[in-house]
Amino acid sequence: MCAVKQPPVPLLDQINSPADLQYLNLRQLESLAAELRQRIIDTVEKVGGHLAPSLGVVELTLALHYVFDMPQDKIVWDVGHQTYAHKLLTGRRERFGTLRQLGGLSGFPKRAESPYDAFDTGHSSTSISAALGLAVGERLKKGKGRVVAVIGDGSLTAGMAFEGLNQAGDLDEDLIVIFNDNGMSIAPNVGALSKFMSRALSGKAYQTFRKAMERRLKAMGSMGEELLDIARRSEESFKAFYTPGMLFEAFKFNYVGPIEGHNIERLIETLKNVKPLQGPQLVHVITTKGRGYAPAEANPSHYHGVGARPPRRDPKAPPPPQSYTEVFGHTMLELARKRPEIIAITAAMPEGTGLSPFAEEFPERFVDVGIAEQHAVTFAAGLAVQGFRPVVAIYSTFMQRAFDQIVHDVCLTNLPVVLAMDRGGIVGEDGATHQGLLDLSFLRCVPNLSLMSPADENELRHMLVTALEHDGPVALRYPRGKGQGVAHDEPLHALPWGKGELRRQGKDVALIGIGVGVGAAMQAAQALAQEGVDAAVVNARFAKPLDEELICDLAQSCGRVVTVEENESAGGFGSAVLELLAKRGLYGVKVKVVALDNTFVEHGSQAQLRHIYGVDAEAVAAAARQLLG
């Protein structure tokens with residue numbers, strides 16, 4: 001009897017650490033690259049994640065782990081959203097299916113997760129600075145490890161990356177920077193840097209020489225036309241291959257490249273040559289974002305970060321509600337058609353902030369500044385001085401990067417700039433680096449700045465009008481995900497300034513919510529009603545200024561107050577209410593603050609995290625019961 005032939009074991013299943021790569025030949029490494037891509041695609045379809053960035057660096061990741069001795073050598077991945085292949089190669093293969101799930105692997109590098117993760121990242125343009133610190137530390141400890149920073153061209157639109165390059169060149173430190181050039185950050189790159197090559201070759205002297213050569217070649221007939229075609233192709237190569245070296249050599253880096261970033265053999269050869277060199281080295285690698293997955297290659301912006309594949313929807317079922325992001329984008333478009341002074345600004349996130357339709361219809365009134373949040377805010381301040389009404393749409397977690405500009409350039413002179421903060425509150429699977437749980441606290445303390453948050457997507461529309469009509473700076477915070485399904489067909493109008501809304505009468509306890517906290521408060525009130533508790537519910541609308549009369553009247557009449565917010569407790573909305581009651585001398589009112597403790601929130605679904613961290617309807621009801629004894 002013939003033995004049953006067993007299928008070959010996948011190469012990936014034989015890799016338990018980067019050291020195992022040394023046993024593979026070039027053909028096997030190329031096969032492993034294909035397996036890595038397929039595992040990433042299969043997993044992201046199930047759990048969601050950053051697909052296109054990780055697919056673009058598979059060969060680069062293999063080459064880095066083949067050449068360098070991790071974890072003695074260290075890689076700092078800028079942002080870290082491209083590290084899925086890195087995780088699969090560093091002992092986390094069996095757990096890869098738990099990616100971005102509660103209790104599972106993070107979607108970003110985490111030192112607590114693996115010794116192969118040299119630095120926790122999640123925001124852009126920090127890698128060179130962090131890697132330089134690691135390199136200096138390695139030298140001071142007299143260590144032998146090499147330090148590598150992997151940074152994309154999108155991240156080089158932020159000033160911090162250049163601060164790191166400048167310092168590294170000045171120190172002449174042993175540091176290797178891999179410049180991953182795929183022509184994309186999240187959206188197509190913008191700004192002077194991305195135009196550097198074409199501008200460098202557009203000067204008068206070069207253009208005069210170029211036109212003279214064209215005339216001479218055309219005069220040569222068909223042979224001249226062929227030579228002209230070759231010259232034109234050479235010009236493009238010159239732009240791509242020569243001028244980047246000039247830029248990085250100016251920072252005193254030894255420039256190597258560009259290298260074809262999907263050629264493993266060439267990558268390994270280059271990295272082996274660079275590894276022993278002293279001083280700052282920059283290796284320019286050309287990659288394709290979304291490589292190996294046709295939809296992602298064709299539309300890398302759309303496949304930058306994707307959700308899990310949704311279950312098949314019943315065609316007879318009503319369509320799901322629009323997301324807050326979509327509602328914001330459509331409202332901006334509606335308002336801009338009537339108000340030519342509105343300018344939309346974003347930091348490399350036109351699609352993520354819902355502003356892509358605005359950009360298409362009003363390209364002259366839309367500005368994508370690249371990954372440069374600080375610049376975006378001060379740029380908006382300049383526009384406001386000129387009489388325009390700028391709306392700066394940036395995720396809450398990234399608005400942290402522009403705090404000084406908000407204080408110094410916008411609020412100090414009371415300029416009418418609207419800060420539209422998407423992803424305020426718990427965002428879910430992206431984890432600690434992306435949760436928007438600090439904005440109520442760090443913005444509430446800034447003089448002149450008003451702060452609003454809608455209870456539903458319809459209110460978001462009217463709050464945008466309210467913010468634009470206010471003669472001063474306003475921050476408008478709204479959550480990630482689908483809305484409540486509330487109809488929003490009424491005409492747009494401004495809300496009463498600084499006034500909340502009593503959504504439910506009650507005499508036993510007042511539940512005062514802001515943003516998504518209002519929905520939790522309403523659900524809690526309904527549950528308490530089944531127990532005979534009569535709870536009032538207030539939609540505060542404003543975290544600053546508070547509706548002092550409404551809050552104080554209810555506090556006095558009920559004697560018990562529960563505040564509800566999706567923000568950390570220190571300095572947030574609950575703190576504002578406590579300050580108000582103290583100012584009014586209402587010391588006899590019992591208060592419970594439902595908010596997140598002073599902690600960083602890990603990854604998981606929004607519903608899971610709201611329950612675990614005690615900011616859902618169940619937690620609100622429990623707080624009310626405690627006050628009622």
Looking only at non-hydrogen atoms, find the nearest pair between [X] and [Y] and report the distance.
{"X": "V562", "Y": "V620", "value": "CG1-CG1, 4.3 Å"}
{"X": "V474", "Y": "A467", "value": "CG1-CB, 3.7 Å"}
{"X": "R444", "Y": "G572", "value": "NE-O, 3.2 Å"}
{"X": "A524", "Y": "A621", "value": "CB-N, 3.7 Å"}
{"X": "A510", "Y": "L554", "value": "CB-CB, 4.2 Å"}

- Verify whether the ring centers belonging to F108 and H50 lie closer than 6.0 Å.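 Yes, the ring of F108 comes within the 6.0 Å limit of the ring of H50, centre to centre.
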Among all residues two or more places apart in sequence or in another chain, which pass the side chain to side chain donor-acceptor pair (under 3.5 Å) test with [X]?
{"X": "D120", "value": "none"}
{"X": "R365", "value": "none"}
{"X": "R423", "value": "T325, Y395"}
{"X": "S450", "value": "none"}

Scan for ring pair (Phe, Tyr, Trp, His ring centres under 6.0 Å) pairs involving [range], sequence neighbours excluded, and state none if there are none.
{"range": "residues 524-557", "value": "W497-F542"}
{"range": "residues 515-539", "value": "none"}
{"range": "residues 551-579", "value": "none"}

- Message: Going by the rule salt bridge (Lys or Arg N to Asp or Glu O under 4.0 Å), which residues pair with R503 if we only count those two or more places apart in sequence or in a different chain?
- Response: D456, E501
- Message: Under the salt bridge (Lys or Arg N to Asp or Glu O under 4.0 Å) definition, can you give me all pairs with a residue in residues 519-535, not counting sequence neighbours?
- Response: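 Sorted pair list: R504-D534, K507-D534, E531-R625.
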- Message: According to side-chain contact (heavy atoms from CB on, under 4.5 Å), who are the partners of D547, at least two apart in sequence or on a separate chain?
- Response: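 Expected list: K499, E549, L550.
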- Message: List the residues meeting side-chain contact (heavy atoms from CB on, under 4.5 Å) with H462, not counting sequence neighbours, and say none if there are none.
- Response: N458, E490, L492, H493, L495
- Task: Start with the C-alpha distance between E565 and S453, add both sets of side-chain angles, then the distance that settles side-chain contact (heavy atoms from CB on, under 4.5 Å), and finish with yes or no.
- Result: CA-CA 10 Å; E565 64 193 295; S453 188; over 6 Å; no
- Query: CZ of R560 to NZ of K592: how many Å apart, nearest 0.5 Å?
  - Reply: 14.0 Å
Distance-only donor-acceptor pairs under 3.5 Å for side chains of residues 479-486, two or more places apart:
unit_1	atom_1	unit_2	atom_2	d
R480	NH1	V427	O	2.7
Q484	NE2	Y324	OH	3.4

- Does NE2 in H470 sit with more than 12 non-hydrogen atoms of other residues, nucleotides or ligands closer than 6.0 Å?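 Buried by this count: over 12 neighbours within 6.0 Å.
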- Message: Evaluate H86 against S114 for side-chain contact (heavy atoms from CB on, under 4.5 Å), listing each step before the verdict.
- Response: CA-CA 11 Å; H86 165 76; S114 170; 5.9 Å; no
